[in-house]
J.: 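Just passing along the structure, written as structure tokens.
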Amino acid sequence: MDDALGDMDPRLFRRLVDELAAVGTKTLVPFFRGEPLMHPRCTELLTYAKDKGMTIQLATNGLLLKKNIAETMINIGLDFISFSVDSINAEEYRTIRRGGSLETLLNAVDMLLSERQRRHSKLPTVQISAVDTGMNPGKKARFLSFWKGRADRVRIYPQHSSDGKFGRLHHRPSMPRRPCLKPFRELAVYWHGNVAICNHDWNRKGSPNIGTNGIIGVWKGSWYNDIRHRQERLEFTHDDICRTCDHWPQYSERHSIIGELVETG
């Protein structure tokens, strides 16, 4: 990715949340191409969104989760948090998540779970997630067993990309191509306010900006409508990311969850 790095301006975040609340949109996922706990005003912004009635689904690597942040999450009724763990073997974890410490992560998860229990709270729902980069049955069983009775659920995702390039989710090859519903149901926003086609569109250039156009202006504008029309007609150019992406079956199959979801609580 060759885009600049930064933190979303709190004024832009509040405008985004205000517009979502005004049109009745309730679900906010403050995680797109970055680590949300790195934002210096993370707890303030999460609190603002909850005060506006948002259901918040947070994903984090957990390494920056301190007690004061965990207390805020429980105080505001954060709905859901997913910790990206990938391995319970310290050496393997360091290989997958360079610069990270499995001990730091496990202590953070345990701290949140203990604080939630002490408060007799059911929120946030705690998920442990891993990307299946070649888990054999034994490794997967050990991973699930480790979290059984601790976290509420474990989700193992298939590896759909590597080095920023799309891979495959290995859906049934006989399934005829259908439109993806992401552009009809979701809106992804970069930290600077420009939008993406979806949460898998990591490096979009030249897209509209919600700071300039507002969410409704972007959502109903020609840029997004053109994307939807291409989906409906299944007309993709050679450089269109939708041409090779295979997340679309999640809207066509009976079980829409990608990967394996196990309730462990």
Side-chain angles (χ1 to χ4, degrees), residues 29 31 35-37 56-65 69-70 73-74 78-175 199-200 245-265:
V29 185
F31 170 72
E35 167 55 50
L37 298 189
I56 300 179
Q57 300 176 2
L58 187 72
T60 175
N61 61 32
L63 299 174
L64 296 177
L65 180 61
I69 300 176
M73 290 177 174
I74 296 170
L78 185 78
D79 303 274
F80 177 89
I81 185 169
S82 179
F83 290 96
S84 300
V85 178
D86 291 321
S87 176
I88 53 170
N89 177 280
E91 183 176 349
E92 184 178 47
Y93 178 87
R94 284 195 300 270
T95 301
I96 296 172
R97 296 191 167 269
R98 284 170 286 183
S101 163
L102 180 62
E103 181 181 8
T104 298
L105 168 60
L106 295 181
N107 287 340
V109 175
D110 287 343
M111 178 267 295
L112 175 63
L113 291 170
S114 296
E115 189 66 17
R116 189 183 70 170
Q117 183 178 27
R118 188 181 71 82
R119 303 274 194 98
H120 304 289
S121 175
K122 295 182 178 180
L123 295 176
T125 297
V126 174
Q127 172 179 284
I128 302 299
S129 73
V131 175
D132 187 351
T133 55
M135 280 188 175
N136 58 44
K139 184 184 292 186
K140 184 180 294 185
R142 288 192 295 273
F143 189 83
L144 293 172
S145 177
F146 181 86
W147 292 107
K148 187 173 179 61
R150 299 172 77 173
D152 300 308
R153 56 190 241 179
V154 173
R155 186 169 175 186
I156 299 177
Y157 295 85
Q159 185 179 13
H160 64 79
S161 62
S162 179
D163 294 329
K165 299 177 181 178
F166 278 116
R168 305 290 294 175
L169 290 176
H170 307 295
H171 68 277
R172 295 191 301 271
S174 59
M175 178 182 289
N199 59 309
H200 300 291
C245 181
D246 61 355
H247 275 248
W248 57 268
Q250 74 180 99
Y251 300 104
S252 303
E253 296 182 321
R254 177 178 299 178
H255 302 291
S256 61
I257 293 291
I258 293 175
E260 180 180 356
L261 180 64
V262 180
E263 301 292 339
T264 57

J.: Do Trp147 and Val109 touch side chain to side chain, with heavy atoms closer than 4.5 Å?
T.: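 A side-chain contact under 4.5 Å exists here.
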J.: I need the Leu63 CG to Asn107 CG distance, nearest 0.5 Å.
T.: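 If I round to the nearest 0.5 Å, the distance is 11.0 Å.
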J.: Mind checking the CZ-CD spacing from Arg155 to Glu263? Nearest 0.5 Å is all I need.
T.: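 Going from CZ on Arg155 over to CD on Glu263, the span is 11.5 Å.
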J.: Considering residues at least two apart in sequence or located in another chain, which fulfil the side chain to side chain donor-acceptor pair (under 3.5 Å) criterion with Arg98?
T.: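 Partners of Arg98 under the side chain to side chain donor-acceptor pair (under 3.5 Å) test: none.
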J.: Identify, with sequence neighbours excluded, every residue that meets side chain to side chain donor-acceptor pair (under 3.5 Å) alongside Thr104.
T.: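 Only Ser101 meet the side chain to side chain donor-acceptor pair (under 3.5 Å) criterion with Thr104.
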J.: Rounded to the nearest 0.5 Å, what's the gap from OG on Ser87 to CZ on Arg97? Could you check?
T.: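 Between atom OG of Ser87 and atom CZ of Arg97 there are 11.0 Å.
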J.: Heavy atoms, side chains only, cut-off 4.5 Å: are Gln117 and Leu113 in contact?
T.: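 When only atoms from C-beta onward are counted, Leu113 and Gln117 do not touch, as no gap falls below 4.5 Å.
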J.: I need the Phe146 CZ to Arg142 CZ distance, nearest 0.5 Å.
T.: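 If we round to the nearest 0.5 Å, Phe146:CZ and Arg142:CZ are 13.0 Å apart.
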J.: Please identify each residue that fulfils side-chain contact (heavy atoms from CB on, under 4.5 Å) with Ile69, with sequence neighbours left out.
T.: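 Result, side-chain contact (heavy atoms from CB on, under 4.5 Å) vs Ile69: Leu37, Thr43, Leu65, Met73.
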J.: Who passes side chain to side chain donor-acceptor pair (under 3.5 Å) against Asn89, sequence neighbours left out?
T.: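 Counting only residues at least two positions away or on another chain, Asn89 forms no side chain to side chain donor-acceptor pair (under 3.5 Å).
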J.: Who are the side-chain contact (heavy atoms from CB on, under 4.5 Å) partners of Ile74, not counting sequence neighbours?
T.: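 In terms of side-chain contact (heavy atoms from CB on, under 4.5 Å), with neighbours along the sequence ignored, Ile74 is linked to Leu112, Glu115, Arg116, Arg119, Ser121, Pro124.
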J.: Checking Arg94 now: which residues fulfil side chain to side chain donor-acceptor pair (under 3.5 Å) with it, not counting sequence neighbours?
T.: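 Here no residue qualifies.
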J.: Counting distance only, does the side-chain N/O of Ser114 pair as donor-acceptor with the main-chain N or O of Asp110 below 3.5 Å?
T.: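 The answer is yes, because a donor-acceptor pair under 3.5 Å joins these two groups.
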J.: Could you pull out all residues at least two apart from Glu35 that satisfy salt bridge (charged side-chain N to carboxylate O under 4.0 Å, His left out)?
T.: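 None.
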J.: Phe83 and side-chain contact (heavy atoms from CB on, under 4.5 Å): which partner among Asn61, Leu58, Val126, Leu106?
T.: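 Answer to the side-chain contact (heavy atoms from CB on, under 4.5 Å) test with Phe83 among Asn61, Leu58, Val126, Leu106: Val126.
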J.: Work out which heavy atom in Leu78 is nearest to a heavy atom in Leu123; give both atom names and the distance.
T.: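 Distance-wise, the nearest heavy atoms are O-CB, 3.4 Å.
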J.: What distance separates Asp86 CG from Ile156 CD1, expressed to the nearest 0.5 Å?
T.: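 The CG atom of Asp86 sits 10.0 Å away from the CD1 atom of Ile156.
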J.: Applying side-chain contact (heavy atoms from CB on, under 4.5 Å), name anything that partners Ser129, two or more places apart in sequence or on another chain.
T.: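 For Ser129 the side-chain contact (heavy atoms from CB on, under 4.5 Å) partners, ignoring immediate neighbours, are Ser82, Ser84, Gln127, Tyr157.
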